Each structure stands twice: as structure tokens, then as C-alpha cells.
2 protein chains.
Amino acid sequence: MVIVKKTYKDQVIDHIYQMLLADQLKPGDRLKESLLALEMGISRAPIREALKELMTLGLIDYKPQIGNFLPVMTPKQIIDSYTTRGVLEGYAVMSASEHFTRQDLERLDRYVDVMGQAARDGEHKQVVDIGGEFHDFLVARSDNQQLLEYSSRLSMKLHVLFFKHWGMLYRPDEIEQRHRAIVTSIKAQDKTRIEQVVRNHYVETGTKIVAVQALSSVTVI
Amino acid sequence: MVIVKKTYKDQVIDHIYQMLLADQLKPGDRLKESLLALEMGISRAPIREALKELMTLGLIDYKPQIGNFLPVMTPKQIIDSYTTRGVLEGYAVMSASEHFTRQDLERLDRYVDVMGQAARDGEHKQVVDIGGEFHDFLVARSDNQQLLEYSSRLSMKLHVLFFKHWGMLYRPDEIEQRHRAIVTSIKAQDKTRIEQVVRNHYVETGTKIVAVQALSSVTVI
DNA sequence: CCGTCGTCGAATGTCGACATTAGACACATT
DNA sequence: AATGTGTCTAATGTCGACATTCGACGACGG
């Protein structure tokens with residue numbers, strides 16, 4: 001039996017997620033409480049609840065007395081966010097490096113194989129999905145809940161707000177090689193290197209996204 | 001002219017902060033909306049707003065359909081939080097290490113001097129305050145806003161929820177020496193060591209707090 | 001005596017209306 | 001024309017009441 005959504009608030013959150021993923025919302029857009037309430041046929045109270053919850057995840061930029069907006073991140077903020085994620089994930093993977101079993105490593109290698117093939121085939125969405133699974137799998141090996149929380153928040157935020165730019169970001173061989181390097185460093189049990197490799201991965205990713213954003217003349221503040 | 005608080009929500013947040021700092025609230029306590037509303041002579045709406053905002057900072061544990069509570073952290077969660085803060089602050093300080101001026105370093109040394117003296121004098125509150133300033137000053141040198149945000153959230157959370165345990169945590173010479181080591185590593189411009197020293201500082205702090213908590217037979221889940 | 005079930009109370013979830021404020025627009029003044 | 005002021009509108013902030021749900025307590029049955 002499927003658990004059905006109970007509170008309106010949760011339905012509102014789903015609604016906003018779907019609009020985000022369907023590209024019906026873009027950074028800078030305003031989310032009017034009354035409009036959302038009208039759309040969903042409910043009052044503003046649960047809308048406000050939902051917006052506050054999304055604020056917690058950093059997906060909503062709330063300005064008192066003014067309104068709620070989708071965050072517009074400057075290139076610097078994007079790079080900072082990716083860097084921070086790299087720092088968190090680097091430590092997570094490093095500190096959990098001994099806990100990876102042979103099966104784990106095989107699985108990671110398979111992720112990279114599939115990702116590389118998808119990249120060569122131009123299956124951008126699949127590349128992104130596998131990439132997400134790869135990193136989630138990595139981080140999940142850490143038993144530090146606090147680290148995981150912040151890491152996944154950043155992941156979610158960056159994913160939702162910049163998903164659409166991904167298709168232009170990588171060269172197939174490069175993305176495969178970079179992820180392979182992470183697996184290799186884990187196999188080698190070289191803690192210092194593991195942390196460094198993961199960090200660099202994110203710093204490079206952030207830098208590339210910003211470069212792409214500039215090229216495609218997305219508004220940059 | 002002083003800016004006065006405008007919205008009730010902000011007043012509620014202040015009210016809760018004061019209760020926290022005055023030890024009128026302890027981990028596990030329930031925060032009833034209707035009671036707070038009655039206390040402050042306002043309706044429940046701004047109370048809910050305030051609680052949601054504090055949730056963002058991790059200071060409120062919200063359980064749907066049940067209520068809002070002050071988080072009860074397990075020893076593991078405390079250690080995890082301190083570790084995470086160490087990872088973030090370690091990177092922040094390391095990456096900003098070149099930006100410390102001679103004046104900055106002198107100031108840091110002075111913080112440590114005063115802290116050491118306060119510790120020897122048994123001025124626990126002063127030790128905590130100076131320690132906070134010391135770390136804030138360190139982290140503020142990073143120009144990564146995302147890092148700063150998470151770091152200060154953790155700082156706030158740990159401060160508010162465990163402030164009262166600090167008095168029992170350190171030996172005067174030890175706390176001075178540990179902070180001095182951070183300054184020394186910055187002076188030496190040894191990036192690897194900087195990051196390591198800051199991390200260790202927090203890991204040790206977390207471990208000690210948990211030890212103290214166990215000793216003083218605070219409820220541990 | 002113990003476990004299950006139903007009732008009840010109190011707290012959170014939601015509602016619609018009103019109060020207040022920020023931003024836009026038009027107007028007056030220089 | 002540019003600037004400052006005042007009004008107006010639409011959005012957020014707050015309110016009190018009602019709906020719904022969770023947890024406690026006690027009655028009932030084994």
C-alpha cells in the first residue's frame with residue numbers, strides 16, 4: 001500500500017518541485033503565496049509552511065515584507081557551493097574509505113562505465129542521473145549524519161537550480177576519467193589523495209558550470 | 001537611532017533566544033505554539049513563522065502533527081557536528097591563510113593570551129566568549145559565503161544547545177596551547193598543517209563535551 | 001492482571017478576513 | 001527633464017475560529 005500525502009503543505013512542496021523540474025520556474029522568479037493558493041485551491045497558510053520548509057533547503061530566497069523568490073546565484077556563489085560540497089564530500093569519502101567493500105568498488109566502477117558510455121552516446125539526462133547515484137552512493141558510506149545533511153542539501157540545491165546547464169558541461173572522456181580517478185584513489189587507500197581528488201572534482205565542476213553560464217549569456221549579476 | 005524590531009516574528013525569535021540563553025529551555029523541551037502566543041500576547045501565526053526560521057538553523061526539531069521540540073543530540077551527533085564544523089572551518093582557514101596580515105596574527109595572539117588568562121582565572125564565560133570571537137574572526141577571513149553559512153549555523157547550534165557544559169571542559173594550559181597551535185600553523189603558512197590542526201581542535205572539543213556529558217549524567221539516548 | 005479498543009482533550013493544520021507595508025504610478029515642483 | 005512627494009494597489013503579516021490528528025486515559029474483554 002502506498003502512503004498517500006496527508007498534509008496540504010506536502011502537496012505544495014511536491015507541486016513546487018514539479019514546477020522546478022519541469023522548468024516552469026527559473027532562478028529569480030517570484031513565488032506569490034496568493035497565486036499558489038489559488039492554483040491549488042487551498043488557503044495561503046499551507047503555502048507559507050511549504051515555502052518555509054523549502055527555505056530550509058536553500059531552494060527559496062525569502063525577503064521579509066517583499067516575497068519569496070527562486071535564488072539567483074552569482075557565479076561566485078555557484079563555485080563556492082560546489083567547493084563546499086567538495087570539502088564535505090571529500091572528507092566523507094576519505095573518512096569512510098576503509099569501509100568500501102570489494103562489491104562497493106565494483107559497483108562504483110560500473111557506475112563510471114555506464115556514465116562514460118552514456119556520455120559518449122550523448123544521453124545527457126542519464127549521465128546526470130548516474131552521476132547523482134554515484135555521488136550519493138559515495139557519501140552514504142559516511143556515518144556522519146551532519147555531513148550528509150549539508151552535503152545533500154547542497155546537492156539538491158545545485159541540482160534543482162542548474163540541472164538544465166549540465167548538457168553542455170563535459171567532454172565524454174573527461175567526465176569518465178574524472179570519476180574513475182575517484183574510484184582509483186579509494187582502491188589505493190590513499191586518504192590524502194582521496195580527499196584531494198573529490199575536492200578537485202567539484203571545484204572543476206563548479207568552474208565549468210560558471211563558464212557555460214557565461215557563454216550562454218544567462219543573466220549574471 | 002536604533003532600528004527597532006518590526007515584525008512580531010522577529011520578537012518571537014528574540015524571545016526564544018533569551019529563553020535559551022537564560023537556561024529556561026533545555027534539550028527535549030516542547031515549544032507549544034499556543035503557550036508562546038499567550039505569553040507574548042499575539043496569535044499563533046507569527047509564532048509558527050519564528051519556529052520555522054529557527055528550524056532552518058537547526059535549533060528546532062519539528063515533528064509533523066506533533067509539535068516543536070528543542071533537539072536532543074546524541075553523543076554521536078555532537079561529535080559529528082563538531083567534526084563537520086572542523087572540516088568546514090579547517091578548509092576556510094586553510095584557503096584564506098595567505099590573507100592574514102601581520103595585524104590579524106597579532107590580534108589572534110592577543111585573543112589566545114586573554115583566553116589563557118581567563119581560563120587560569122576560572123572565568124569560564126569569558127573563555128567561551130573569546131573563543132567564539134577567535135573562531136569567528138578566523139572563519140570571517142574566508143570569502144566563501146556558503147562555507148560561512150554552514151559553519152556559523154553549526155556554531156550557533158552547538159553554542160546554544162551546549163553552552164552550559166563548557167565550564168567543565170578544559171584545562172587552562174590545554175585550551176591556550178590548542179588555540180596557539182592554530183595561530184602558529186597559520187604563521188608558518190603550512191596549509192596541510194593548518195587544516196589538520198583546526199580539524200583536530202574540533203574533534204577533540206566534541207569528544208570532550210561528550211565525555212563531560214556522560215560524566216554529569218545528562219540524559220543520553 | 002494484561003492487552004485492546006474507543007473516547008476525549010489538547011495540540012497542530014487550515015481557513016478566510018483584516019492590517020500593514022513595499023513598490024509603482026501619477027502628479028507637482030524646480 | 002529630473003527630482004521629490006503623495007496616493008494607490010497588491011502583496012505579505014497577523015488574526016481568531018474551525019478542522020483534523022495524535023496521545024492519553026479509562027472501560028471493556030480475555
Side-chain angles (χ1 to χ4, degrees), chain A residues 1-17 19-20 24-72 219 221, chain B residues 1-17 19-20 24-72 219 221:
Chain A
M1 168 179 165
V2 180
I3 307 285
V4 291
K5 295 297 190 291
K6 273 205 287 267
T7 63
Y8 283 147
K9 181 191 72 173
D10 292 329
Q11 294 181 30
V12 174
I13 291 177
D14 284 349
H15 181 69
I16 294 178
Y17 271 126
M19 286 198 295
L20 280 170
Q24 292 170 13
L25 286 173
K26 58 180 191 301
D29 278 359
R30 183 173 196 161
L31 291 148
K32 292 182 197 172
E33 298 172 359
S34 40
L35 185 59
L36 284 168
L38 197 64
E39 274 178 30
M40 305 196 58
I42 59 180
S43 82
R44 280 171 48 220
I47 306 284
R48 290 173 71 85
E49 301 286 317
L51 290 173
K52 288 283 153 53
E53 186 155 331
L54 291 173
M55 240 176 70
T56 299
L57 303 175
L59 296 182
I60 293 289
D61 190 2
Y62 161 75
K63 302 182 182 178
Q65 305 278 17
I66 298 180
N68 298 280
F69 304 83
L70 273 201
V72 177
T219 308
I221 295 183
Chain B
M1 170 179 166
V2 181
I3 306 284
V4 292
K5 294 294 189 288
K6 273 204 288 264
T7 63
Y8 283 148
K9 179 191 74 172
D10 292 330
Q11 294 180 30
V12 174
I13 291 177
D14 284 350
H15 182 70
I16 294 178
Y17 271 126
M19 286 199 295
L20 281 169
Q24 292 170 15
L25 286 173
K26 55 180 191 302
D29 278 359
R30 181 174 197 160
L31 290 148
K32 290 182 197 172
E33 297 172 359
S34 40
L35 185 59
L36 285 167
L38 197 64
E39 274 178 31
M40 305 195 58
I42 59 180
S43 82
R44 280 172 49 221
I47 305 284
R48 291 173 70 86
E49 302 285 315
L51 290 173
K52 289 282 153 51
E53 186 156 331
L54 291 173
M55 239 176 72
T56 299
L57 303 175
L59 296 182
I60 293 289
D61 190 3
Y62 162 74
K63 302 182 181 177
Q65 305 277 17
I66 297 179
N68 297 279
F69 304 83
L70 273 201
V72 177
T219 311
I221 296 182

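Because the structure is a prediction, the values reported are computed rather than measured. In the text below, chain A, chain B and the rest are named by the order of the sequence lines, each starting its count at 1.
- B/M19 places a side-chain heavy atom less than 4.5 Å from the side chain of B/L36.
- Proximity of B/E39 to B/H15: side-chain heavy atoms (C-beta onward) are separated by under 4.5 Å at one or more points.
- Applying the side chain to side chain contact (heavy atoms under 4.5 Å, CB included) test between A/L51 and each of A/V12, A/L31, A/I13 identifies A/L31 as the sole match.
- Taking CG of A/N68 as the reference point, atom NZ of A/K63 lies at 10.5 Å (rounded to 0.5 Å).
- Looking only at side-chain heavy atoms (C-beta outward), A/L70 and A/K26 stay at 4.5 Å or farther from each other.
- Contacts between residues 62-70 of chain A and DNA chain D, counted as heavy-atom distances below 4.0 Å, involve A/Y62, A/P64, A/Q65, A/I66, A/G67.
- In summary, contact between chain A and DNA chain C, defined as any nucleotide atom under 4.0 Å from a heavy atom of the protein, begins and ends at C/dT14 to C/dG23 in the 5' to 3' direction.
- Paired with B/P71 under the rule side chain to side chain contact (heavy atoms under 4.5 Å, CB included), one option of B/D61, B/L59, B/I60 passes, and it is B/D61.
- Considering all non-hydrogen atoms of both residues, B/D29 and B/Q24 come closest at OD2-O, 4.2 Å.
- Between B/V72 and B/F69, the closest side-chain pair of non-hydrogen atoms is not below 4.5 Å.
- Here the closest heavy-atom approach between residue A/G67 and residue A/R30 is recorded as CA-NH2, 4.2 Å.
- Contacts with DNA chain D (heavy atom under 4.0 Å) in residues 41-59 of chain B: B/I42, B/S43, B/R44, B/A45, B/P46, listed by number.
- If you measure from atom OH of A/Y8 to atom P of D/dT21, you get 10 Å, rounded to the nearest angstrom.
- Taking 4.5 Å as the limit, every side-chain heavy atom of B/D10 sits out of range of all side-chain heavy atoms of B/D14.
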